[in-house]
Enquirer: 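Dropping the structure in here first, questions after.
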Protein chains: 4
Amino acid sequence: MMTKDDLHGYVPAIVTPFNAKGEIMEEAFLEILEALIANGATGICIAGDNGESWTLSPAERGRLTRIAVDRAAGRAKVILGCSAPTLAGSLAYARQGEENGADALLSMPQTYVLKTTRDELLRRFSGLAQGTRLPIVAYNSPRRSGLNLSVADIGAILDVAPVIGIKESERDFFHHTYLLEALRDRMSIMVGPCHYILPGIALGARGFIATGPEFLGRDAGRLATIGKEKPSAESASLHFKLTRIYELLMGTATWPAAFKAALNLIGLPAGVPRDPVAPATTADIDKIKAVFDRIGVSYGK
Amino acid sequence: MMTKDDLHGYVPAIVTPFNAKGEIMEEAFLEILEALIANGATGICIAGDNGESWTLSPAERGRLTRIAVDRAAGRAKVILGCSAPTLAGSLAYARQGEENGADALLSMPQTYVLKTTRDELLRRFSGLAQGTRLPIVAYNSPRRSGLNLSVADIGAILDVAPVIGIKESERDFFHHTYLLEALRDRMSIMVGPCHYILPGIALGARGFIATGPEFLGRDAGRLATIGKEKPSAESASLHFKLTRIYELLMGTATWPAAFKAALNLIGLPAGVPRDPVAPATTADIDKIKAVFDRIGVSYGK
Amino acid sequence: MMTKDDLHGYVPAIVTPFNAKGEIMEEAFLEILEALIANGATGICIAGDNGESWTLSPAERGRLTRIAVDRAAGRAKVILGCSAPTLAGSLAYARQGEENGADALLSMPQTYVLKTTRDELLRRFSGLAQGTRLPIVAYNSPRRSGLNLSVADIGAILDVAPVIGIKESERDFFHHTYLLEALRDRMSIMVGPCHYILPGIALGARGFIATGPEFLGRDAGRLATIGKEKPSAESASLHFKLTRIYELLMGTATWPAAFKAALNLIGLPAGVPRDPVAPATTADIDKIKAVFDRIGVSYGK
Amino acid sequence: MMTKDDLHGYVPAIVTPFNAKGEIMEEAFLEILEALIANGATGICIAGDNGESWTLSPAERGRLTRIAVDRAAGRAKVILGCSAPTLAGSLAYARQGEENGADALLSMPQTYVLKTTRDELLRRFSGLAQGTRLPIVAYNSPRRSGLNLSVADIGAILDVAPVIGIKESERDFFHHTYLLEALRDRMSIMVGPCHYILPGIALGARGFIATGPEFLGRDAGRLATIGKEKPSAESASLHFKLTRIYELLMGTATWPAAFKAALNLIGLPAGVPRDPVAPATTADIDKIKAVFDRIGVSYGK
């Protein structure tokens, strides 16, 4: 059973490679999985926003989990995204995780409804915990869910559900500070986005679930260690580079089109997005190349 | 075939009454439908956010459409909500509308993805138009979708898809102003929220799709006329009342829990919300009663 | 003594015309004053933000008041701006108003400090009221002052200071609605910005202090009447035009550079701004002309 | 002549102690100055927002500078605040700095006007540089000035004016990141607020101008060193403590009332604020004590 101590370091949210017909390219998916593990990933999140969760059926989530678990073969934990508006929706995803060997589930609070009372929030996490035997990683993404989990909310969730950690994507560093101060011993706090990785680790975060380190090669796997060491020219340089990459991917096309295009550039076969997201345009790709040239990310073509 | 001229006046978004087990109460639904028509509704939106769209399967949407169409029997148009992250998702809902006699579809741009390029946006609306023979009403709800349709976006949508109107829920009156200025002749602009109903109609909006008029009785059906008349103590009073109601419902519990509780108070059997929304608490209901007392909405208990 | 009933209709905030050396051009100021009165102004605000208050010494404010009062000769009320961080600063301006015949003072709450307790707020307005015999018009400009007066704040101010009215520049129409509902009988509510003039008057505002009507000629003086009449093609057209003008002036150069340039275009000798605001550039002026061409404002060159 | 290398470490913005009559208490001011130097301050900012700049005349600024320079006697640099809406206003303050021995000036861009073109911005800083022989420290406080200096703006200012450093108070860590990446070699970047002190120093900031370290005693003077060392339980603890203090002072009463009350609690005679800021209430002081108890700041009564 995965515990909070197993959730640490570099835990990327993997893309789901689709071909032009919108079909999942399983071999490509596994090739990316291998690359992430080779670069130091201790865990892989499937069917997160990077994985275009909004297009994936329960069966597809199950299949991705199965092939990831088989391929990882214990080298990295496999965490399946199961966010949904309703608990029934989340549990349908959770079952796929259970049946296919996932190590944990990643879940936002109820999506789409934009508001929850404390009671509704706790009902969701306790309901999820009761409905599955898998450990749960909470996911706080105020921009995506419209809900902003406070430190008090997260503490209350911990009291009712065996949540082992949190992927924290809030942009306000007051929040990271208070969360780390209050709860770093009770759960594994995994920080993001990129510009909070090193500052967060210095303050007690266990690792990071963030998009951007994919372009650092083996340095991605070293970030959790670097963040605990004396600041250096290298750590500053990695921080600047990560922040630029994140800004680039966030500011170009519709997420995760630019991320997929950038992965393709560095030789990872991410394919194209599914409807409703269109592939990055030539102009988008040129912009990515220009930034990569400037910050020193090498790419193939 | 419903045209832009058929979309006008009072077009409420109806709740879906659920019992404590989460089952749809069809008779209650039809009773509310009758009340809305009696109060002057010219159309009814099914499976909008008020209808807890996020919990409704395609089959449930089809069934609600069927019984509404049968009961309305031409007295009011029936518009089915079909917003979804993917086009395939929207088309699955649209088919239910077609098969069960809906007069039109109501659709946000792609939900959940938070960002679209112009191209992606047009692909959604043209894809929806090509995939269904029903007329489309666009729905702009920046808070709900995370996407803010500009007047230029809406104009571009009109160029590629036979959109007959728009439910506009933007909060910035600059937007309403520019939208009405530019497009009021090409489509039926239906304004909301409540505090923009009368100002919007004075400027050329055809009507309103907004939550709040349900509590005005037959005055709801008169608003579209009142908004075109000389301002009076009555019109100001209705404006103040509508704004207070909207603020109350929006500021109490998780949408649409307070709305359902308030409908129950005035004798319309709205039942309770489905998971993940909890019913309004006693404290919430007391707050609703206190505001109703102050603004003069009579209720049963 | 000016009362709330004397504050109504079209009350423009006049610019202070400077020459290239930064000197006040008194004749130009009086020429603009005459034009505003000719177009229907019932009052004139001097040393507001349009008048570049931040550059005007007490003596300059006194002089402008004196020549305005002499020229208006009772045809329009003269209201002097006296906002400042400290009460002593406001009172220094107020004395100039008293000594030079102003009819009233216009005052924001304490500027620059960004926050006030209720007690500090009331001390400012009661201190101002005790320190001057002139009536006070409050000015709520959250963007400018960093302070957002709530309806409850404004009601509390009315309880401690003989405030006759308010210039309301909040952008959120909820606020206008609640303010008009609660306090329209206790004070003269003068609305702005432009896109809330007609909607506000329909709901009981007495008039408007807003930048934009200057470009409507004699229609400016008719707006307060038009807003109380049955909506028409003309009223919608004026609303659209005003909103376009306001957006243009607000979105071009640093306030009030574009406003001054636009006045110069229609033949009113507004001169140039004082440091730190630079004159509108040729590109700015071309943009103004292009919008004027589109919306039908005629100009000289 | 002070250079960028002289601007580093702990540079507090000192309060101006007033008595109940609003008079400056010079002995109290010097006592606080001594305490700050004893705790490691390498410079002192006079007449910043902490000093209630909005209430201080040029003569008062000169006098404070004079006594601070005499007392510091080279142990700490003295930096005088000279922000104002107009250049003439800033220069009047600058002259006081020159005549009284200040080492540098601290200046926001033009206050109150809320918007500047690039040209206006450069005119301000080049005008200030030409009008004084003292080195300039720029101050970016988007919340206070309404202006948000971009990294490109700051680079452009460096090209036209001999700015030796910047006090950076932006809340968005993207900004700190890009600023440090681009300009840390051309100027001394002094970070704030409190929760960015240690993360900023790890990335190349030279020091901090921030409110909060006053309550850390001699640890204040060690922060700039600690931030460059390997993260530890102590550094995390100081970060959490600083963030709590800043949140407390910012969230209580009107700035700097709570700061003054808190200084009084730890035995530094900060007196009371001047109009328009009221002294902290008993409830405010109890709140401060409660937080101090929780985070371990000892105080006298």
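Here is the naming used below: chain letters follow the sequence lines, and residue numbers restart at 1 for every chain.
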Enquirer: Do any of residues 109-116 of chain C come closer than 4.5 Å to chain D, heavy atom to heavy atom, and if so which ones, in number order?
Expert: C:Q110, C:T111, C:Y112, C:V113, C:L114, C:K115, C:T116

Enquirer: Ignoring hydrogens, what is the shortest heavy-atom contact between D:D119 and C:A278? Give both atom names and the distance.
Expert: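 For D:D119 versus C:A278, the nearest heavy atoms are OD2-CB, 4.3 Å.
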
Enquirer: Which heavy atom of C:P276 sits nearest to which heavy atom of D:R124, and what is that distance?
Expert: CB-NH2, 3.8 Å

Enquirer: What part of C:S53 is in contact with chain D, defined as an atom under 4.5 angstrom from a non-hydrogen atom: side chain, backbone, both or neither?
Expert: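 Just its side chain gets close to chain D.
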
Enquirer: Chain D heavy atoms under 4.5 Å from C:S90: which part of the residue, side chain, backbone, both or neither?
Expert: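 For C:S90, there is no contact with chain D at all, as no heavy atom is under 4.5 Å.
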
Enquirer: What are the two closest non-hydrogen atoms of D:T86 and C:T55, and how far apart are they?
Expert: CG2-CG2, 4.0 Å

Enquirer: Report the option among C:T254, C:V277, C:L121 that has the most heavy-atom pairs separated by less than 4.5 Å from atoms of chain D.
Expert: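 Most pairs with chain D among the choices: C:T254.
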
Enquirer: Contact part of C:R144 toward chain D, heavy-atom cut-off under 4.5 Å: side chain, backbone, both or neither?
Expert: both

